[in-house]
Each structure stands twice: as structure tokens, then as C-alpha cells.
Amino acid sequence: MSVSSSSMCGGGETGMRIVVWFRRDLRVEDNPALAAAARAGGEVVPAYVWSPEEDGPYHPGRVSRWWISQSLQHLDASLRRLGAGKLVTRRSTDAVVALLQLVRDTGATHVYFNHLYDPISLVRDHRLKEMLAAEGIVVQSFNADLLYEPWEVVDDEGQPFTMFAPFWNRCLSMPYDPPAPLLPPKKINSGNLSMCPSDDLIFEDESERGSNALLARAWTPGWQNADKALTAFLNGPLADYSVNRKKADSASTSLLSPHLHFGELSVRKFFHLVRMKQLVWSNEGNHAAEESCTLFLRSIGLREYSRYLSFNHPSSHERPLLAHLRFFPWVVDEWHFKLWRQGRTGYPLVDAGMRELWATGWLHDRIRVVVSSFFVKVLQLPWRWGMKYFWDTLLDADLESDALGWQYITGSLPDGRELDRIDNPQFEGYKFDPHGEYVRRWIPELARLPTEWIHHPWDAPVSVLQAAGIELGSNYPLPIVELDAAKARLQEALSEMWQLEAASRATMSNGMEEGLGDSSEVPPIEFPQELQMEVDRQPAQAMANVPMTARRRQDQMVPTMTSSLNRAETEVSADLGNSEDTRAQVPFHAHFEPRVERQDAIQNAEGPAPRINGVHQNNIFQQPQHHRREAVAPSVSEASSSWTGREGAVVPVWSPPAASGHSETFAADEADVSSRSYLDRHPQSHRLMNWSQLSQSL
DNA sequence: GACTTGTTCTT
DNA sequence: AGAACAAGT
């Protein structure tokens, strides 16, 4: 190594020194990278790098940042208890650079970390591995996040699955079980890190402090708390999950997703414990409880599948998987987008959901489907906007899961929902919220409306509305888009989509050369201003420890009470107490627009609305998959054949999935030649993570 | 017991 | 839309 030992903060004796790089695996238990480091007996340098600029528009939102900060404190305390010095933290615009620096600072000889599967991490980790290897550092990476690595789960022909059901069936019938969870290491051998510089990481700014303090009332990040929550769920709501999961409030759900997202909880431990419960209940003949386990495991399966999909189709967070969807003429209407975010669409269930999301950073899975389906099918807004808003506001924001969810809703999965069938929020309302309690909790304006009308106030007799103190169009909006109008518009849009698709096919077969697709690519619809505010537009300064706010949306500001019990006690009573003032709880930017403007907007929506052709007019040509066989990158095929235990030195590297029956219809996000890097093939990912900027800072 | 008709679910 | 399932003829 080129660094002299005198400059090393760890003392510099010639032993094995291992940097354990924590990311979204903020736990001590069942953490393969940490366990391997502890077992190796060398000195362990636990490290965390905060480099949000790398994530481009998908850098963590306020609530996520709050969670990280809490979780890191918890992790640090745990590590110290085990004998580790301290969690070394670094602030950088480039995690790879920061780690190289840390390796030099500490004289580390090894770097261990656990795998991630989002497109940004796949590329970054691959680069890290190459650069460390070039410096003679040993890199080992591990599976901590999944039951099985994506490349382990393939169909009978050895191809990746393109549908969830067969994927999950295969996971459940693999010839070997997912590894049993590891216990926390008994002792971590620490070098002397007292001189090793750490940066203070700042995850919130002044304006966020108040809101964040409220989060702490409802959530306790940290792996040990995650473990407690897990136990509570397994012994409590799990048994009734199959009966209760339809209810819109969160009493029946596990509330574990933020813990899972940050890796505070090991899915494998989770999986094994649920399976044990299932076995017990099965033996007892408790059919409902057994079914609950099956259903719950399925939701773990969806999480697995989201990583699987992201690995096999790295652009699935920005481009529809089914090629024809790229021609869908999304309606670019920022006003509707705003009304949706504010919970002012005139459809009570949708509005209640959006207000809960804003207020708490949480939404029941069913309601997520309702609001996103409304977004995509009734408003026909670009799905990426909705996904980005979810990303910014959800406490469990997770790029892979959210991409899967939105692709599902958009009809971009071979086994997803059809795009052309509009769900009726009124019917869904009576399904998920039969007594209107959920709506009344989040839309106090409607609190006095009888259940009969609660999900369709526009049908209510004037006398009923008057008695309830509701004046539609002023107190509470009329539907911003009528369902019938939406259906008609959707049909139009779909036929336009098919026409464009056919036209592109014609162009393609008209003798354009194959493979020109990528260069003429039309970028996806830009995010509107409101969604860009969280991106730091300043040129990033290395090591600058600035909070990343250039222009910030007005913060979420309602107390965060996620357990419905808490909610019932505090917020409801507060809401009902003074129904006049509760508007203060409704998210809005600066002010409510005057009524007149709203009427305009409604008319506007029903008349010709501004549209732009979704994406890619010229170039959506599916790459003919000539290279199927040789399409697997060497490192991956090596990995899939030699991967037995956890001790891999293999970093998952994206490689194009070979064609299977379905991938004919899949968009060509994974064009061709295997020898080129993922980045060469994915110009959009360059854009996403500002690759050029990162390269320059090297 | 083979038919209907209705309901729920789909990532 | 279509499959799987339930409950009624």
C-alpha cells in the first residue's frame, strides 16, 4: 500500500484490519459482513458513509433521513457494547472516494459489506470493488438482504422469472433453505480508532426539527427495537392477518417495513420465524392463522421480487417494463398533481389516504394501491411523479419496492393489473373502510356525513350535506375528474398508445438498423419543480457538511401517529374538536387556490388537457436478443455457479437477463453485448446518478 | 352430484 | 378480464 503507517489513524501495525461498510444493513444480528469480520479476528473498523448526492433525485427524504440518523445512533451504541471503537462516519459526495480515503486513513487491508440491488448501488459497488482491488485491498461482499440472491432463483431453463407467482413458488421450493440467521458477534476486536477522523453527519435542518421530534412518538428506529416490533407482531396481529389485512388502518399490519428497508431486521430471521409459527398453527389445525402466514410470507416475497426485478431490469424505476407502455400519453398536469398530493381530489378515500401519507409518512398497502391507481388511471399523470412523491414522503420509501408497485399499477408488468380498468374509489371505500371511520379521521370536513354518503358525497341530498356542514366545491371539492370522463380519456390514450407503438414497429422493420435505439432515446418526462426541490442544485463540494436543502417543500407537519390506537386517542379527538381549524393539517403550499381557479381546473381536466407523448417517440426498438447465450457476464455466471455459502468475494454485477418467453415483450432496457459495462448500456442511469460529476471528483 | 351464479383476487 | 372459489340450485 502506498500510505505510510505514520499517517494511519488506527495505529498502523501490520495485522488484518477490516472496514465493515454499513449501508442498509443497520444491524448487528445476522449481519454476514460484520460476522465475517468479527470471525476473522482482525481489527474491525465499522463505517458509514453519507453520500446522498449519489442518489440523484432519489436521495432520502426528510422522514428517511430522520430514520437513518436514529438508527445509526442505535447501531453505534450496539457496536460499542460489542467492543468496537466507534462507528466511523464520513460525509462525501462519492462513497467510493470516501471509502478509499478511509482505507488509507486506517491502513485497512480488507473491506466487507453486504449487497444492495438498486441500480445505483449495483454500479457503485462494482466500481468500489474494482478500485479497491486495484489497490490490493481484499473485498468481500455478502447477502444480508434477501432469502436468495437474484441469480440463484431461475426457471427450469435457467432464465430469470418474469412473473411473481412462479418466482415465489420457486423461492418456496428451493432445494436448500435460506441461510439460518447469524447471532450477533460475541466480541468485536477494535483497533485504536480514537484518532480516526469522523464527520458529524447532519440529517436534518432547523426547519425539520419540529416535525422530526413528532416522528419519535410513533416510531423507534434501531435494530433492537425492530426486533421487539417483530416479536410483538408475531405474537399479536400475525394470526389474524388474513382476516384483518383489508382494513385501511394499520392495526393489522406489521409496521415493520421501515425497519426492513434499513436492514435493521433480517428478512431471513423474519422468514424463519414466520415459517415456524406457520408450522405450529398448521399442526394445531388453525387454518386462518396458517393462511395468515402464507399471506404474510407472500409480502416478504414481493419485497424479494422487487430486488429481483431491479437486478434483472435496472431501469425499472424509471421506465416501464412492457415496451408499449412507453408510448402512453401521460397527462402532464401539475395542478392535478398538486390536488392529489393535498388530498383534494373530491374522492374521499383517495383524499384520506393522501392526507394520512402527508401527515404520517405511512399508508396501508391497500390505500397505496388506491391512491396510485387513481393517480395513474383517473388523472393519468406520469407514474414516475407519483413514485417520486412516495419516495419523498414515505417512511419506508424503498426504490425497488416502489418501482415494483408503480409498475404493477401502471400495467407495465406481464402479470400486473390491466391499465384499462379503472377502480372505483367509491366501491373501494366501502370495501376497505365500510363505516367511513378512516375517511372521517383524515377528512374532518366530512366527519358529520352519514356512512351512506361518506364515500360519494356528490350524490348526497342537499339537506344531508347541509346538516353535515358541507358545501361541495367550497368546503370539500367536487370530484376533479368524473369517472366516466376518465374512462373515456383512458380509452383514447390507450388507442393512441397502440398507434404510436405500431408506428414505431413499422419504422423499425422499415430498415432502420438494429441497435440504434439507445442513441436516439427520448428522456422520460421531467419531474415538476415541486419534486425537484429536495435535490441539492449547488455544485457538490466534497466533504461539505451542509444540509441538502436548496428549495424545500413545506414540511409535513402533523403529528405522526402510526399505531391506530394512538391515532384514535389524539388526532381524532383533536380533529373532531374543532372542525374549523383542521385545515391547518391539510398539506398545502402556501395557500389554497381560490375556488374559481379550481373550477377552471375541473373544466380544464374534462376538456382537452395538455398532453405530451409519454416517452421515446422514435426509438423504442426492442433489441433483438441475438446474444442470449453469451449474455451473462463472467462474474455473474461464476457467482451463480460457485455461490454456496455466504463467503463470496463476488459483488453482484448487473448482467442482461437472457431472453425468456416473456422478455420478448419486455422493453429493451438491457440491450446487448455483455462485455460492456452496465453504465455503457444505460445512459439514463448516468443521468440519474450524475455519473460525470462523480467521475470528475475522483 | 353436475350445474348455475356470484364474489374475490390478481405485484 | 379471467381464474379460483363459494354457495346455491
Side-chain angles (χ1 to χ4, degrees), chain A residues 117-118 146-147 150 153 155 160-172 241-248 252-254 257 260-261 267 287-288 290-292 294-313 315-317 319-322 324-325 363-377 383-384 386-387 390 394 396-424 426-434 487 490-491 494-495 498 660 662-663 665-667:
Chain A
Y117 309 89
D118 63 279
L146 295 175
L147 302 176
V153 187
D155 67 15
F161 289 97
T162 54
M163 291 193 283
F164 171 69
F167 164 82
W168 187 230
N169 285 336
R170 176 56 56 92
C171 288
L172 291 174
Y241 184 71
S242 62
V243 225
N244 285 342
R245 78 206 157 96
K246 284 201 286 193
K247 294 182 187 161
S252 59
T253 64
S254 72
S257 54
L260 277 169
H261 170 76
V267 255
H287 193 265
E290 191 194 344
E291 176 69 5
S292 291
T294 306
L295 285 166
F296 199 82
L297 287 174
R298 194 173 166 281
S299 68
I300 293 179
L302 286 170
R303 181 184 175 281
E304 294 273 308
Y305 190 56
S306 72
R307 270 76 182 150
Y308 188 79
L309 213 63
S310 171
F311 180 78
N312 286 309
H313 305 275
S315 62
S316 65
H317 62 300
R319 297 169 69 195
L321 252 49
L322 292 178
H324 58 265
L325 257 299
L363 218 46
H364 189 288
D365 183 54
R366 295 300 170 126
I367 306 300
R368 295 183 197 203
V369 171
V370 169
V371 299
S372 57
S373 169
F374 183 86
F375 183 92
V376 163
K377 299 180 182 189
W383 63 277
R384 289 173 61 255
M387 193 182 111
F390 270 24
L394 277 172
D396 59 3
D398 182 287
L399 199 55
E400 296 96 306
S401 289
D402 291 346
L404 174 62
W406 283 89
Q407 296 252 4
Y408 166 64
I409 294 298
T410 317
S412 301
L413 296 176
D415 51 350
R417 295 193 152 195
E418 301 284 329
L419 181 53
D420 57 358
R421 260 202 10 274
I422 292 185
D423 303 301
N424 188 324
Q426 176 182 338
F427 299 153
E428 309 224 277
Y430 287 107
K431 206 153 120 198
F432 302 133
D433 182 31
K487 276 176 194 160
L490 188 57
Q491 286 311 321
L494 283 168
S495 61
W498 289 116
S660 61
H662 252 297
S663 50
T665 55
F666 268 40

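With A:Arg307 as the partner, the side chain to side chain donor-acceptor pair (under 3.5 Å) test is satisfied by one option alone out of A:Asp118, A:Asp398, A:Asn312: A:Asp398.
Put simply, CG on A:Leu302 is 15 Å from P on B:dC9, counting in whole angstrom units. Taking atom NZ of residue A:Lys431 and atom C1' of nucleotide B:dT10, one finds them 11 Å apart after rounding to whole Å. The nearest whole Å value for the distance from the CZ atom in A:Arg417 to the C1' atom in B:dT8 is 12 Å. Here the P atom of nucleotide C:dC5 and the NE2 atom of A:His287 are 11 Å apart, to the nearest Å. Atom CZ of A:Phe427 is separated from atom P of B:dC9 by 17 Å (rounded to the nearest Å). Atoms CZ (A:Arg421) and P (B:dT10) sit 13 Å apart, rounded to a whole Å. Atom C1' of nucleotide B:dT10 and atom CG of A:Leu295 are separated by 13 Å, given to the nearest angstrom. Between the CD atom of A:Glu291 and the P atom of C:dA4 there is a distance of 16 Å, rounded to whole Å.
A:Ile300 and A:Val267 get closest at one heavy-atom pair: CG2-CG1, 4.1 Å.
Counting only N and O atoms by type, the side chains of A:Asp396 and A:His261 include no donor and acceptor under 3.5 Å apart. Side-chain contact annotation: A:Ser373 with A:Asp423, donor-acceptor N/O pair under 3.5 Å present.
Heavy atoms of A:Asp402 sit nowhere under 4.0 angstrom from any nucleic acid atom.
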